[in-house]
Amino acid sequence: MIQRPRGTRDFAPKEMESRRELEAAFRSVAERHGFREIATPIFEHAELFTLKSGPNVIEEMYAFEDKGGRQIALRPELTAPAMRFFVNDLTNYPRPLKIYYFGQCFRYERPQSGRYREFFQFGAELIGAPTPESDAEVIGLAAAMIRTCGLTEHQIRVGHIGILRSMLKEAGVPPEQAPFILQKLDKKVYEEARPLMQQAGMSDASIEQVIRVTETTGGIDVLDSFPGEATDYLREVFGILEAYGFTNVKADLGVVRGLDYYTGIVFEIDAPKLGAEKQVCGGGSYSLTELFGGEKVFSTGFAIGFDRVLLALEREGVSAKEHKVEAYVIPVSDAMRHQAHVITASLRNAGISADVDLMRRSIGKNFKYADAIGARFAVIVGEKEMAERSIALRDLSSGEQILVKVEALTEEVKRRREVGVRVRCGGEN
Ligand code: ATP
Ligand code: MG
């Protein structure tokens with residue numbers, strides 16, 4: 001038997017229904033915030049990612065040479081492709097340009113729960129200017145998406161990478177060494193970060209000061225210990241978020257982010273129920289356009305780990321409604337098969353999901369099958385009844401059976417069917 005590659009997944013119908021429902025909820029929140037969808041290729045020139053994505057992403061990249069000798073990579077993330085697209089074709093759009101995307105990414109990681117080699121990101125980028133308003137708009141979108149999908153237990157933490165970057169610079173760390181230190185600080189592995197900082201020539205005092213910053217987290221007042229432009233800026237962002245109704249946002253100067261291109265605010269959303277793989281969203285402000293041959297333009301964006309949000313919702317017991325066939329049409333004899341197909345088509349054309357016996361089963365076996373697939377109604381096409389243009393409609397949940405005229409069938413099914421109860425994605429935000 002051939003198995004799927006390690007770190008990849010197949011999705012059964014029930015899972016796809018959950019996934020599509022979450023996707024639709026995210027999409028609708030993004031569009032209500034004025035973001036519009038884009039799509040880019042699954043593979044790109046590897047250089048797009050090696051330029052600036054940072055040591056983590058490069059180590060994990062699925063890269064190969066194609067038949068034409070080009071260095072190609074499966075995309076490990078979507079911000080760099082989105083910005084490449086912007087520089088190539090979208091610079092004439094009015095700004096701010098607000099875009100979102102949904103698609104799979106590939107990273108050669110050690111697979112575990114919430115960590116796959118093929119996974120999905122739902123993300124957004126706002127391309128325009130480095131203002132607290134832009135940053136708050138993007139954080140607000142991520143927060144609204146997470147809230148709307150029904151994930152009650154989550155934490156939003158916002159920091160400013162400029163603080164650590166300028167501390168490293170002032171302590172004399174060469175620019176090319178900073179990403180490796182930041183990578184260790186991101187994961188809070190101080191025992192590995194310390195020697196790197198020592199090798200980069202930092203004094204013990206400045207090393208301890210850096211570590212103290214990464215441990216600063218709490219209400220907005222924790223920013224008071226680090227007065228300066230960056231914390232003033234953060235206070236403005238928090239003020240706008242409050243106006244948008246988000247008061248559950250924490251300050252956390254330890255947010256570093258694995259990707260190397262962030263320059264200003266950085267933020268993360270965690271779902272504590274997920275344990276080690278708890279980060280469901282990461283984002284921040286950056287400028288990449290000048291690297292890809294364009295003018296320098298500031299952007300703010302984020303990527304939500306779509307698969308992890310689904311896992312977190314599952315842990316909270318939130319589930320999507322399964323899409324089951326509403327009406328199952330059973331011909332009582334071979335002579336009734338043609339009529340059964342006509343009736344099935346009329347149900348389908350009226351927007352009712354309908355199925356018909358395709359296996360030439362007996363009536364009893366057909367009822368068993370209808371039950372097994374969870375059909376709501378059985379429509380029984382009998383010879384005696386059809387002679388009078390009537391048909392038996394049985395409600396399989398109550399067992400009640402009535403006789404209706406063929407012409408009245410679709411209306412009767414519509415009247416009786418349960419209005420789809422959406423378990424997830426309420427209307428707010
Ligand atoms: P982590 O620290 O968990 O490896 P990251 O910093 O590499 O995350 P980003 O590059 O910011 O993550 O990607 C954004 C989001 O995508 C993450 O917050 C996470 O939810 C999700 N994600 C990242 N890598 C994977 C993966 N291998 N499998 C599933 N989801 C992932
Ligand atoms: Mg990672």
Side-chain angles (χ1 to χ4, degrees), residues 5-9 11 15 19 22-23 26 48-50 52-62 73-83 100-125 138-139 141-143 145-146 149 151 154-159 161 179-180 182-189 192 214 252 254-262 265-286 288 299-315:
R6 201 165 132 73
T8 65
R9 288 156 302 155
F11 301 113
E15 290 171 281
R19 298 179 71 85
L22 181 62
E23 187 190 330
F26 280 169
L48 178 65
F49 304 108
T50 51
K52 196 76 183 172
S53 292
N56 262 353
V57 162
I58 293 170
E59 274 165 30
E60 298 168 351
M61 208 153 67
Y62 272 91
L74 299 184
R75 62 187 184 199
E77 50 114 359
L78 276 148
T79 299
M83 298 319 292
Y100 76 87
Y101 48 75
F102 174 62
Q104 54 264 79
C105 299
F106 304 85
R107 295 184 191 175
Y108 196 81
E109 303 210 58
R110 201 168 63 77
Q112 51 200 286
S113 163
R115 193 175 288 288
Y116 314 100
R117 290 183 176 169
E118 182 192 38
F119 65 101
F120 289 71
Q121 285 191 342
F122 197 112
E125 314 291 335
V138 170
I139 300 170
L141 171 62
M145 285 169 64
I146 294 295
C149 76
L151 188 67
H154 64 269
Q155 284 174 357
I156 307 171
R157 296 175 291 110
V158 183
I161 192 68
F180 296 93
L182 290 170
Q183 182 193 6
K184 299 300 175 197
L185 293 174
D186 176 30
K187 302 283 179 233
K188 302 245 171 7
V189 278
E192 292 178 38
T214 66
D252 183 349
V255 179
V256 172
R257 312 292 314 114
L259 299 178
D260 202 28
Y261 42 67
Y262 294 111
I265 62 114
V266 277
F267 68 102
E268 292 178 348
I269 305 179
D270 297 333
K273 278 219 163 69
L274 292 181
E277 277 21 270
K278 68 181 192 308
Q279 192 188 305
V280 295
C281 174
S285 68
Y286 61 90
L288 272 177
S299 306
T300 309
F302 65 82
I304 288 180
F306 186 82
D307 312 273
R308 289 191 193 169
V309 174
L310 272 164
L311 271 181
L313 285 169
E314 228 171 76
R315 303 252 162 106

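Both ligands and their constituent atoms are indexed starting at 1 by order of listing.
Contacts between Arg117 and ligand 1 below 4.0 angstrom, taking non-hydrogen atoms only, are absent altogether. With a heavy-atom cut-off of 4.0 Å, Gln279 touches ligand 1 through backbone and side chain alike. Contacts between Gln121 and ligand 1 below 4.0 angstrom, taking non-hydrogen atoms only, involve the side chain exclusively. Only backbone heavy atoms of Cys281 (N, CA, C or O) come within less than 4.0 Å of ligand 1; its side chain stays farther off. Heavy atoms of Phe119 found under 4.0 angstrom from ligand 1 belong exclusively to the side chain.
Distances shorter than 4.0 angstrom do not occur between any heavy atom of Glu268 and any atom of ligand 1.
Taking all heavy atoms of Arg115, Glu277, Glu60, Glu109 into account, the minimum distance to atom 1 (P) of ligand 1 is reached by Arg115. By heavy-atom distance, the residue among Arg107, Gln183, Gln112 lying nearest atom 10 (O) of ligand 1 is Arg107. Looking at Lys278, Arg308, Glu118, it is Arg308 that brings a heavy atom closest to atom 19 (C) of ligand 1.
The atoms of ligand 1 that sit less than 4.0 Å from any heavy atom of Arg257 are 6 (O), 9 (P), 11 (O). The contact set between ligand 1 and Gly114, taken as ligand atoms under 4.0 Å from a residue heavy atom, comprises 28 (N), 29 (C), 30 (N). Residue contact check: Val280 has heavy atoms under 4.0 Å from atoms 18 (O), 20 (O) of ligand 1.
Considering Val158, Thr300, Ile269 in turn, Val158 is the only one that fulfils the side chain to side chain contact (heavy atoms under 4.5 Å, CB included) rule with Ile139. Val280 pairs in a side chain to side chain contact (heavy atoms under 4.5 Å, CB included) with only one of the listed residues (Leu311, Leu310, Ile146, Asp270), which is Ile146.
Residues Tyr108 and Pro76 form no side-chain contact, since every pair of their non-hydrogen atoms from C-beta on lies 4.5 Å or further apart.
The pair Arg257-Glu268 meets the salt-bridge criterion, since a charged nitrogen lies less than 4.0 angstrom from a carboxylate oxygen. Ion pair Asp307/Arg19 flagged as a salt bridge, since at least one NZ, NE, NH1 or NH2 atom sits closer than 4.0 Å to an Asp/Glu carboxylate oxygen.
In summary, the aromatic rings of Phe102 and Phe306 are positioned with their centroids under 6.0 Å apart.
In the displayed structure, Tyr62 atom OH is contacted under 6.0 Å by more than 12 heavy atoms of other residues, nucleotides or ligands.
Using a 3.5 Å distance cut-off with no hydrogens or angles, the side chains of Tyr101 and Glu125 do pair a donor with an acceptor.
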